[in-house]
Amino acid sequence: MSTHQGNLVVYNSLSGQKEKFEPIHTNHVGMYVCGPTLYSEPHMGNMRTFINFDMIYRYLLVLGYKVKYVRNITDAGHITNSLGEAVDSIGNAARLEQMQSLEIVYKYNVKFQELQRIYNLLPPSIEPTATGHIQEQIEHIEKIIENGFAYVVNGSVYFDVKKYSEKYEYGILSGRKVDELAEETRVLNAQDEKRFFADFALWKKANPEDMQIWRSPWGDGNPGWHIECTAMSTKYLGSHFDIHGGGMDLKFPHHEDEIAQNCGSLGCNPAKYWLHANMLNVNGQKMSKSLGNYFLPKEIVDGTTELFDKPYSPNVIRFFMMQAQYRSNLDFTSDALNAAEKGFTRMSDAVLLISKLKTSATSSFNVDELIASFYEAMNDDFNTSILVANLFEAVKRINLINDGNDTITTQDLAKLETEMLRFIYDVLGLQILTENSNEKLAPVMDLVIDLRQQARENKDWTTSDKIRDGLAAAGITIKDGKEGTSWG
RNA sequence: GGUCUCGUGGCCGAGCGGCUAGGCACCGGUCUGCAAAACCGUCUACUCCGGUUCGAAUCCGGACGAGACCUCCA
């Protein structure tokens, strides 16, 4: 258990303020994060949200909390589009690819698992699926009807926002007022089954062409978009848990409706703290399919997106993201990524240096203070930007010690190493590659470097430069250092 | 149109009343056969106009600009 546990402050979207983090049950944290809808491969923007909540999960673990982290998988695609019409996004994708819904879901789930591995995401405690919890969703809907906050029309069930507003505040999270919403929204169509424009579907009667159909007390159909999260969060975390997270764009209507459903069935807001991660921008605008500034997490790693002229390692991407706070916008540009790549290399080099440092009788700077600054940064609403800055402060110290301009005791060095690795590996989720592990090339390179060294000792600069340039042409960079020559 | 965020040095990105992060680039230096790399140092910015204050990038008002949400979206 960490002594830093009591000092965490988080920004709660519900209050619009930073609040002291106090779990409902001491030392235990329940966290629910809205996961992907598996009708396509998650894009980089999706990944930013998952990476940010992975970082939050990691830090809570480092603080010593016992965390139950639930992230759902939406594999039932019945949702409504902007016209209020039912759209089966997974079914549509399936038809397009001439597959069945479950094949589509399976296919993209495999891809998603691969991305989690590539980007070093810790697996959640559980990843429940919507289709695995149809019964729970139906029971939830029944309870909402019982409580008088929903009505049945032609085999579909709708949430009654007007009725709900008499007892609860619809719009509490997003700051919307039902009356204001009314003014700006289109008139209901004649064929619309909803009584009020803001009402939303809890259960939708099946269309003959739907690939996924379930039985319910109201006939065959599909669950609405929001009810799965309510059903699953309740099942695994209870009616009221600590953290509910997701992307900023889910605030309304998704999370707003989750709150309404939870209040409507169980009488309380599902979560104590609502955390929202900000969007990812590419060249100044939110990444989206329609704007063409869209790329996949795999493409940027493989270098196959035309938006960037070179590939970047997942660690560099993660590091780049961690340089911004999760609530800020982050703009992906080549310049910014290149800068992050160099910065990450510098940090990595320093980390590899730690174990080789010479210790002294005294430390010339306050190591405890430096370490405390790591926790202070993270305790302030997971401010990874400040954390990275403070880690670079440590990087500078490590280099100064290496150059003999600073000193550190054995004890302090051990502490510094432990804490730096904790924050870089365990909190930020970065991986630093230790050695060049190309088994066949390594002895060859040792030989080549040895030959070049001989040439240099003989002042045969023509030969030594020829070797250097030849290797460079082959994509191998030679670095001459004090301790010898390295390559990569 | 409504609601809300935000405008920080060449680029990214913190800070949220005084101590003016950090990374990258630039420049200077150390090292080096030369170079690269590495390391050290330097560089002092807050869109504009008013106001509050002893003091504002930070608070208030206004202008201009950008972005997000307003039933697809992480």
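Small disclaimer: the values here were computed from a predicted structure and weren't measured. First the proteins, then the strands, lettered A, B, ... as listed; each starts at 1.
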Notebook entry, point to check: With sequence neighbours excluded, what pairs up with A:T305 under the side chain to side chain donor-acceptor pair (under 3.5 Å) test?
Noted result: none
Next item on the list: Not counting sequence neighbours, which residues clear ring pair (Phe, Tyr, Trp, His ring centres under 6.0 Å) with A:H140? List them please.
Entry: none
Next item on the list: Tell me, please, which residues at least two apart from A:T463 pass side chain to side chain donor-acceptor pair (under 3.5 Å).
Entry: A:D460
Item checked: Dot-bracket summary - RNA chain B, pairs being Watson-Crick or G-U whose distances fall under 3.5 Å, with | when paired to another strand -> (((((((..(((.....[...)))..((((.......)))).....(((((..]....))))))))))))....
Checklist line | Residue-phosphate contact under 4.0 Å: A:S328 side-chain N/O, B:rA14 OP1/OP2 | finding: yes
Checklist line | A:F159 vs A:H226 side-chain heavy atoms within contact, under 4.5 Å | finding: no
Note to self: If the condition is side chain to side chain donor-acceptor pair (under 3.5 Å), which residues does A:E457 pass it with, not counting sequence neighbours?
What the structure shows: A:Q453
Note to self: Near RNA chain B, counting only heavy atoms under 4.0 Å, which residues of residues 49-57 of chain A show up?
What the structure shows: A:T49
Between the protein and nucleotides 23-25 of chain B, are there any N/O to N/O pairs under 3.5 Å, and if so, what are the atom names and distances?
from	atom 1	to	atom 2	distance (Å)
B:rG23	OP1	A:R346	NH1	3.2
B:rA25	OP1	A:K342	NZ	2.8

Note to self: Could you work out, with side chain to side chain donor-acceptor pair (under 3.5 Å) as the rule, every residue matching A:K107, not counting sequence neighbours?
What the structure shows: A:E97
Checklist line | Residue pairs fulfilling salt bridge (charged side-chain N to carboxylate O under 4.0 Å, His left out) with at least one residue in residues 114-123 of chain A, sequence neighbours excluded | finding: A:E114-A:K298
Listing time: all N or O pairs from protein to nucleotides 18-20 of chain B that are below 3.5 Å?
none

Check: Can you list every salt bridge (charged side-chain N to carboxylate O under 4.0 Å, His left out) pair that touches residues 330-353 of chain A, not counting sequence neighbours?
Finding: A:K310-A:E341
Next item on the list: Take atom CG of A:L173 and atom P of B:rC4, then tell me their distance rounded to the nearest Å.
Entry: 14 Å
Next item on the list: Return each pair, listed once, that meets salt bridge (charged side-chain N to carboxylate O under 4.0 Å, His left out) where at least one residue sits in residues 381-397 of chain A; pairs must be two or more places apart or across chains.
Entry: A:R327-A:D381, A:R397-A:D406
